[in-house]
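All remarks here apply to the structure that follows.
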Amino acid sequence: MSDSEERTAPKSKIPASRKLLLKTLMLAKASEDLEKEIKEAEEEKVRTLSENVPPLQYAGLSHKELKELCTGLHRKIDVVDEERYNIEEKVKKNDLEIQSLNQKIFDLKGKFKRPTLRRVRISADAMLKALLGSTHKVSMDFKANLKSVKKEDEKAKEKTVEVTDWRKNIEAMSGMEGRKKKFDTSNA
C-alpha cells in the first residue's frame with residue numbers, strides 16, 4: 001500500500017483483538033451448525049430408508065419364493081433408478097437455466113473487464129510466419145495480389161445517351177411503329 005492509499009482508507013474503530021475474537025466466535029458457530037446439519041442429514045437418511053425399505057425376511061423361503069423376492073426387488077430398483085435419473089436431468093436443466101440467466105444478468109450490467117492491449121509492431125512476413133509456422137515459405141508482395149484495373153473511359157463515352165425532350169420520345173414511340181423501333185433498338 002502506498003502512502004496515499006493509507007491516508008484515504010478509513011481506519012477501523014474495532015481493535016484487532018476484538019476482530020480476532022469475533023472471527024473465532026463466528027467460525028465456532030459455523031462449525032457447530034455444520035455438524036448439526038450433517039447429523040440431521042444422517043438422521044433423515046436413516047428415517048427415509050426405514051420407511052421405504054423394510055427389512056428383508058428371507059429365512060425359511062423356498063427357491064421359488066426367493067426368485068419372486070429378487071424380481072420384486074429388481075423392479076423396485078428400476079423404479080428408484082428412473083426417479084433418480086429424472087431428478088438428475090431436472091437438476092442439470094435447472095443448472096443450465098441458472099447459468100444462462102446469470103450470463104444475461106452479467107450482460108445487462110455491462111461491466112466487462114477489458115484488458116489493456118499493447119501495440120505490437122511486427123511485419124506482415126513475420127506475422128504470417130508466426131501464424132503459419134516456420135515450415136511455410138512466406139513472402140508478401142501486396143502489389144502482386146491486386147487486380148489490374150483498366151480505364152474504361154472510351155466505353156463510358158459510348159454508353160452515354162443523348163438527353164432529349166421526353167415528350168418527343170413518347171410521341172415517337174407511340175403506336176405499333178414505336179414498339180417496333182423499341183424492339184429493334186434493344187437487339188442492336
Side-chain angles (χ1 to χ4, degrees), residues 1-138 140 145:
M1 266 166 62
S2 65
D3 292 333
S4 62
E5 289 178 11
E6 289 179 25
R7 289 182 201 143
T8 58
K11 293 204 174 192
S12 177
K13 295 182 180 179
I14 302 173
S17 59
R18 178 78 174 148
K19 282 184 184 178
L20 183 62
L21 177 66
L22 290 174
K23 282 183 184 178
T24 54
L25 288 174
M26 287 172 55
L27 286 173
K29 178 69 174 161
S31 65
E32 287 175 10
D33 289 345
L34 185 62
E35 289 174 6
K36 187 178 178 182
E37 284 179 19
I38 291 172
K39 196 177 208 181
E40 287 176 359
E42 284 294 324
E43 290 173 358
E44 178 73 22
K45 183 178 178 181
V46 168
R47 191 179 74 237
T48 305
L49 285 176
S50 65
E51 289 174 3
N52 293 335
V53 183
L56 286 178
Q57 297 174 358
Y58 55 88
L61 295 177
S62 67
H63 187 69
K64 183 179 178 182
E65 292 171 338
L66 283 175
K67 281 186 178 181
E68 289 175 4
L69 179 68
C70 287
T71 55
L73 289 175
H74 280 289
R75 275 191 243 114
K76 287 181 182 179
I77 289 171
D78 291 339
V79 169
V80 169
D81 278 342
E82 287 176 11
E83 289 176 6
R84 180 186 52 83
Y85 178 77
N86 291 338
I87 291 171
E88 284 178 357
E89 290 302 313
K90 285 180 184 177
V91 167
K92 285 180 186 177
K93 183 180 176 185
N94 289 340
D95 285 343
L96 288 174
E97 188 175 345
I98 289 170
Q99 257 184 342
S100 67
L101 290 174
N102 283 336
Q103 184 63 38
K104 284 182 183 178
I105 289 170
F106 186 73
D107 290 343
L108 290 174
K109 284 183 181 178
K111 295 181 180 179
F112 298 105
K113 291 185 179 179
R114 290 192 173 96
T116 56
L117 300 176
R118 296 185 323 221
R119 177 175 225 97
V120 178
R121 293 185 180 248
I122 188 169
S123 68
D125 291 337
M127 190 181 300
L128 286 173
K129 188 174 183 181
L131 290 173
L132 300 176
S134 60
T135 58
H136 295 283
K137 175 88 175 171
V138 179
M140 283 303 283
N145 292 334

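Keep in mind that the numbers below use all heavy atoms, side chains included, and drop hydrogens, waters and symmetry copies.
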Glu42 and Lys45 ion-paired at < 4.0 Å
no
Could you check Glu43 against Lys39 for side-chain contact (heavy atoms from CB on, under 4.5 Å), going step by step and ending with a plain yes or no?
CA-CA 6 Å; Glu43 290 173 358; Lys39 196 177 208 181; 4.0 Å; yes
So which pairs with a foot in residues 67-81 pass salt bridge (Lys or Arg N to Asp or Glu O under 4.0 Å), sequence neighbours left out?
Asp81-Arg84
Residues 92-102 vs salt bridge (Lys or Arg N to Asp or Glu O under 4.0 Å), sequence neighbours excluded, gives Glu89-Lys92
Is it the case that more than 12 heavy atoms not belonging to Gln57 sit under 6.0 Å from its CD atom?
no
No-hydrogen, no-angle side-chain donor-acceptor test under 3.5 Å, Glu82 and Asn86
no
Supply the atom-to-atom distance Asp33 CG to Ile38 CD1, rounded to the nearest 0.5 angstrom.
11.0 Å
Leu25 side chain near Lys29 side chain, heavy-atom distance below 4.5 Å:
no
Identified side-chain contact (heavy atoms from CB on, under 4.5 Å) counterpart of Ile98 within the set Asn102, Leu101, Leu96:
Asn102
Report all side-chain donor-acceptor pairs from residues 14-24 shorter than 3.5 Å, counting only partners two or more places apart or in another chain.
from	atom 1	to	atom 2	distance (Å)
Thr24	OG1	Leu20	O	3.2
Thr24	OG1	Leu21	O	2.7

